[in-house]
Amino acid sequence: MKLLTLNCHSWHEENQIEKIKYLAQTIKEKSYDVIALQEVSQALEAEYVHGKVKENNYAYVLLQELEKLGVSDYFLVWDVSHYIKNGTYEEGVAILTKHPIVEEHSFFVSDSVDYATNWKTRRIVGATISYNNKLLTFYSCHMGWWHDEEEPFKGQADKLLQHINMDYPFYLMGDFNNDASLKGEGYEYLINRGFYDTYQMTDDKDEGITVKGKIAGWSNNKQDLRIDLILTNRPVQVDYSKVIFNNVNRNVVSDHFGVEVNLYEEF
């Protein structure tokens with residue numbers, strides 16, 4: 001099973017459409033089973049195409065580009081987390097999968113649920129899929145910061161744990177805004193609560209860095225960060241974990257690099 005997580009930084013990027021086309025081409029070549037996307041935005045004034053999704057929703061545009069390449073087997077789950085750009089865009093999180101969706105999930109993990117006025121509001125979306133006649137759940141996560149005074153990561157992580165069932169297999173994929181190298185903060189908080197990092201379960205991996213330099217949300221950053229992760233609630237056999245879209249393994253498409261993992265699901 002091949003997984004990808006990517007914070008898209010959507011509609012903030014120069015040459016955005018070209019980058020979407022490049023991402024679509026990569027998805028076609030890699031044929032990921034599940035893709036988790038964060039910062040998936042759409043203009044507030046755009047027309048709806050189905051459900052909550054509007055015509056310029058980044059993930060919807062990506063699906064259209066995939067269809068132009070002959071790829072039409074991905075399903076989309078998306079929901080809004082908060083408004084950005086002075087309330088002109090809705091930013092959300094998404095799951096794309098080529099496997100049948102049995103159940104969709106959407107819930108807040110922030111104390112605030114006022115997504116129209118509070119940009120720190122955080123929502124998780126998920127999809128339970130049928131994979132080899134077994135059920136697996138995948139969540140796309142975009143979390144807050146450990147030291148945030150209004151919406152600290154710990155409170156959001158605790159709410160996340162209230163919404164998921166540790167007895168059933170699942171994956172948490174996304175931008176956790178907590179550097180895995182820091183002791184006593186968000187990464188360690190999750191690991192100590194029974195999560196496994198797919199990056200740590202393989203010898204075939206790179207440095208794992210997904211942010212270099214200063215970006216939005218990390219304006220004082222002075223070190224390389226590993227904040228984009230793929231976690232699970234049980235040990236699995238991981239073939240490899242590689243950073244992608246970092247100008248080494250494919251071109252950059254966002255201010256975050258992506259993470260791709262190939263693993264073996266055994267039931």
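Linking Ile, Leu, Val, Met, Phe, Trp and Tyr whenever their side-chain heavy atoms come within less than 4.5 Å puts Trp11 and Leu23 in one cluster. Tracing side-chain contacts under 4.5 Å through hydrophobic residues (I, L, V, M, F, W, Y), one never reaches Leu6 starting from Val211; they form parts of separate clusters. Linking ILVMFWY side-chain heavy atoms closer than 4.5 Å, directly or via other members, places Val53 and Leu96 in a single hydrophobic cluster. Under the 4.5 Å side-chain heavy-atom criterion for grouping Ile, Leu, Val, Met, Phe, Trp and Tyr, Leu76 is connected to Val49 within one hydrophobic cluster. Grouping the Ile, Leu, Val, Met, Phe, Trp and Tyr side chains by contacts below 4.5 angstrom, directly or via other members, places Leu63 with Ile27.
No donor-acceptor pair under 3.5 Å is formed between the side chain of Asn177 and the backbone N or O of Gly144. With Tyr199 contributing its side chain and Glu207 its backbone, the two residues share a donor-acceptor pair below 3.5 Å. One N or O on the side chain of Tyr22 and one on the backbone of Asn251 form a donor-acceptor pair closer than 3.5 Å. In this structure, the side chain of Asp228 does not engage the main chain of Gly258 through any donor-acceptor pair within 3.5 Å. Not a single donor-acceptor pair under 3.5 Å links the side chain of Arg123 to the backbone N or O of Gly92.
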*Verdict with reasoning, Asp224 to Lys212, per salt bridge (Lys or Arg N to Asp or Glu O under 4.0 Å)*: CA-CA 5 Å; Asp224 294 342; Lys212 286 182 176 289; 3.0 Å; yes

*Let me see the working for Ile129 and Phe75 under side-chain contact (heavy atoms from CB on, under 4.5 Å), right down to the final yes or no.*
CA-CA 10 Å; Ile129 68 169; Phe75 304 96; over 6 Å; no

*Under the side-chain contact (heavy atoms from CB on, under 4.5 Å) criterion, do Val259 and Ser241 qualify, and how do the steps go?*
CA-CA 7 Å; Val259 176; Ser241 175; 4.1 Å; yes

*For Asn249 and Asp206, what are the C-alpha separation, side-chain angles and deciding distance, and is it a side-chain contact (heavy atoms from CB on, under 4.5 Å)?*
CA-CA 11 Å; Asn249 179 17; Asp206 49 25; 5.9 Å; no

*Worked check of side-chain contact (heavy atoms from CB on, under 4.5 Å) between Trp78 and Val125*: CA-CA 7 Å; Trp78 178 88; Val125 301; over 6 Å; no

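For residues 178-202, the set of pairs meeting the salt bridge (Lys or Arg N to Asp or Glu O under 4.0 Å) definition, not counting sequence neighbours, comprises Asp197-Arg226.
Of the inter-residue distances, the one linking Leu4 atom CG with Tyr32 atom OH reads 4.5 Å to the nearest 0.5 angstrom. Between the OG1 atom of Thr26 and the NZ atom of Lys21 there is a distance of 14.0 Å, given to the nearest 0.5 Å. In this structure, Lys68 NZ and Gln64 CD are separated by 7.0 Å, a value rounded to the nearest 0.5 Å. Atom CG of Asp79 is separated from atom NE2 of His105 by 13.0 Å, given to the nearest 0.5 angstrom. With rounding to the nearest 0.5 Å, the separation of CG in Asn133 from OH in Tyr131 is 11.5 Å. A distance of 10.5 Å separates CG of Leu62 from CD1 of Ile17, quoted to the nearest 0.5 Å.
Applying the side-chain contact (heavy atoms from CB on, under 4.5 Å) criterion to Asp204, with sequence neighbours excluded, gives Thr202, Tyr240, Lys242. Checked against ring pair (Phe, Tyr, Trp, His ring centres under 6.0 Å), His82 has no partners two or more places apart in sequence or in another chain. Every residue two or more places apart in sequence or in another chain that forms a side-chain contact (heavy atoms from CB on, under 4.5 Å) with Glu18 is listed here: Asn15.
With hydrogens and angles left out, the side-chain atoms of Ser110 and Thr121 include no donor and acceptor closer than 3.5 Å.
The shortest non-hydrogen separation linking Tyr83 to Trp119 is O-CB, 4.1 Å. Glu150 and Lys120 get closest at one heavy-atom pair: OE1-NZ, 2.7 Å. Residue Val61 comes nearest to Glu55 through the heavy atom pair CG2-O, 3.8 Å, listed as atom of the first residue, atom of the second, then distance. Nearest heavy atoms, Ser130 versus His99: O-CB, 3.6 Å. Heavy atoms only, all atoms of each residue included: Ala127 and Val77 are closest at CB-CG2, 4.2 Å. Among all heavy-atom pairs drawn from Tyr74 and Ser31, the shortest one is OH-C, 3.7 Å.
Counting heavy atoms from C-beta outward, Tyr171 and Leu3 have side chains that approach closer than 4.5 Å. Between Leu136 and Met1, the closest side-chain pair of non-hydrogen atoms falls below 4.5 Å. With contacts defined as side-chain heavy-atom distances shorter than 4.5 Å, the pair Val236/Tyr196 does not qualify. Side-chain contact between Thr232 and Met201: present, with at least one pair of heavy atoms (C-beta onward) separated by less than 4.5 Å. The side-chain heavy atoms of Asp111 and Lys159, taken from C-beta on, include a pair separated by under 4.5 Å. Within the 4.5 Å cutoff, the side chain of Glu260 has no heavy atoms near those of the Arg250 side chain. Annotation: side chain of Val243 is not in contact with side chain of Lys205 (no heavy-atom distance under 4.5 Å). In this structure the side chain of Ile227 reaches within 4.5 angstrom of the side chain of Asp175, judged on heavy atoms.
Taking 4.0 Å as the cut-off between side-chain N and carboxylate O, Glu265 and Arg234 count as a salt-bridged pair.
Other cluster members for Phe176: Phe107, Val109, Ile124, Tyr139, Met143, Trp146, Phe153, Leu160, Leu161, Ile164, Met166, Phe170, Leu172, Tyr187, Tyr189, Leu190, Ile191, Phe195, Leu229, Leu231, joined by side-chain heavy-atom distances under 4.5 Å among Ile, Leu, Val, Met, Phe, Trp and Tyr.
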With a cut-off of 3.5 Å and sequence neighbours excluded, list every side-chain donor-acceptor pair involving residues 34-45.
{"from": "Gln38", "atom 1": "OE1", "to": "Asn7", "atom 2": "N", "distance (Å)": "3.3"}
{"from": "Gln38", "atom 1": "NE2", "to": "Thr5", "atom 2": "OG1", "distance (Å)": "3.3"}
{"from": "Gln38", "atom 1": "NE2", "to": "Ser140", "atom 2": "OG", "distance (Å)": "3.2"}
{"from": "Glu39", "atom 1": "OE2", "to": "Asn7", "atom 2": "ND2", "distance (Å)": "3.2"}
{"from": "Ser41", "atom 1": "OG", "to": "Ser10", "atom 2": "OG", "distance (Å)": "3.4"}
{"from": "Gln42", "atom 1": "OE1", "to": "Lys54", "atom 2": "N", "distance (Å)": "2.8"}
{"from": "Gln42", "atom 1": "OE1", "to": "Asn57", "atom 2": "ND2", "distance (Å)": "2.9"}
{"from": "Gln42", "atom 1": "NE2", "to": "Lys52", "atom 2": "O", "distance (Å)": "3.0"}
{"from": "Gln42", "atom 1": "NE2", "to": "Glu90", "atom 2": "OE1", "distance (Å)": "2.8"}

